[in-house]
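Here is the structure we will look at, set down as structure tokens.
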Amino acid sequence: MILEVCRGTYAWPNHPPVFKDVSFRFDTEAFDGRGGILSILGPNGAGKTTLLKTMLGLLPFTSGHSELNGRRVADWPAREFWQCVGYVPQAKAGGFAPLTLAELVVLGRSARIGPFAVPGRRDWETVDRVMEAVGIAHLRTRRTNEVSGGQLQLAMVARALAVEPELLVLDEPESNLDFRNQMLVLDVIERLVDRGLSVVINTHFPAHATELSDRVLLLPRGEAPIFGPTAETITEENLTRLFGVQVRIREVPTPEKIVTCVAAVKLDDAP
Ligand SMILES: Nc1ncnc2c1ncn2[C@@H]1O[C@H](COP(=O)(O)OP(=O)(O)OP(=O)(O)O)[C@@H](O)[C@H]1O
């Protein structure tokens, strides 16, 4: 899977650009059958969500373009594109019809079977499998207005996985989740990546980006983005500049594994 953004710029009408000349090439072909994970980090309002939407063709770039597997996203037939890509937008309360979670997840199959076709046995088996994978199989018959924000978020991840995509794009998937469910989602993602799935994830958790990613895009407000391999990109210096807080990064050995901790220790402009 190769995802490329070439000099992508986006400005809302009558506003200065949210981001300008963003370019990166996320090529997972070199990862030996494994997919790969690209994390996007940046302060509030830097344009991370807007970048995902433009990259996926949901908003038109003001200038520049994106490509998936060497073909401009704007040139892909929509159905074919959404068979390759699963997208989990940022969780927002409300706006869901009171479907059961299984019905919500099976909607992910519409890219495969067509919007008006009736899901068959294989589709429901896929629904069971992905709900099991994200730990919500027991909530199959629960309605969207009868579950917590975190449970709904897990269902949205399952819905995107039901597409059986080549590329999964997640906009802050951990934001509503407790410690255990954050780990569950990241664990599911890592296992799928080992089996060939490629992932782009917007996150507010630099430690998650450090633990998970193969590549990182830092998107500062109003400055040039930085793209590169994780260890070279997530540095104390880069994060301090990006967020305007003094950042310390430490590797902490635990009995289970070495954990990378990223801590904001003080405001960068504090006396
Ligand atoms: N419909 C809109 N019209 C005008 N400006 C908008 C609109 N939607 C978003 N913006 C602005 O675009 C900028 C980028 O928003 P975006 O949601 O992409 O940022 P973000 O980095 O994802 O933020 P966060 O981390 O808070 O989710 C923000 O300054 C926001 O106020």
Side-chain angles (χ1 to χ4, degrees), residues 3-24 26 37-66 68 73-74 85-96 149-150 152-154 156-157 160 167-178 181-182 185-186 189 199-213 215-228 230 233-234 238-247 262-264 267-268:
L3 175 70
E4 196 163 0
V5 173
C6 309
R7 305 200 67 183
T9 298
Y10 186 80
W12 295 99
N14 307 315
H15 284 79
V18 179
F19 54 79
K20 210 172 152 197
D21 286 339
V22 173
S23 292
F24 65 83
F26 177 43
I37 304 185
L38 162 66
S39 293
I40 303 176
L41 277 174
N44 289 130
K48 301 177 298 296
T49 296
T50 310
L51 177 61
L52 291 190
K53 288 183 178 168
T54 46
M55 186 180 95
L56 296 176
L58 298 169
L59 269 179
F61 280 112
T62 309
S63 61
H65 70 274
S66 54
L68 180 66
V73 169
V85 180
Y87 173 49
V88 184
Q90 232 175 73
K92 294 224 166 85
F96 288 97
L152 191 56
Q153 182 68 359
L154 291 168
M156 296 299 286
V157 173
L167 170 66
L168 180 65
V169 178
L170 302 146
D171 197 352
E172 296 181 22
E174 328 94 308
S175 297
N176 267 325
L177 302 180
D178 68 23
N181 283 332
Q182 285 181 15
V185 166
L186 300 183
I189 291 172
V199 173
V200 175
I201 181 168
N202 263 357
T203 179
H204 277 300
F205 296 88
H208 292 173
T210 312
E211 291 266 312
L212 284 178
S213 320
R215 297 286 181 274
V216 175
L217 177 74
L218 303 181
L219 193 64
R221 229 183 270 119
E223 281 181 45
I226 300 175
F227 175 76
T230 307
T233 311
I234 300 194
N238 280 348
L239 293 188
T240 297
R241 278 194 66 187
L242 186 68
F243 291 110
V245 287
Q246 279 291 338
V247 172
V262 183
L267 292 171
D268 202 28

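Counting starts at 1 for both ligands and their atoms, in listed order. Only heavy atoms go into these numbers, but all of them, side chains included; no hydrogens, no water, no symmetry mates.
Panel note: side chain K48, backbone G42; a donor-acceptor pair is recorded below 3.5 Å. Side chain of T240 to backbone of V247: a donor-acceptor contact under 3.5 angstrom is found. Formation of a donor-acceptor pair under 3.5 Å by the D171 side chain with backbone atoms of N202 is not found in this model.
Using a 30° and 60° split on the angle between ring planes, F205 and H208 fall in the parallel class, below 30°.
The nearest pair of heavy atoms linking P225 to P220 is CA-CD, 3.7 Å.
Contact residues for ligand 1 (protein heavy atom closer than 4.0 angstrom to any ligand atom): W12, V18, P43, N44, G45, A46, G47, K48, T49, T50, Q90, E172, H204.
Under the salt bridge (charged side-chain N to carboxylate O under 4.0 Å, His left out) criterion, R7 pairs with D21, not counting sequence neighbours.
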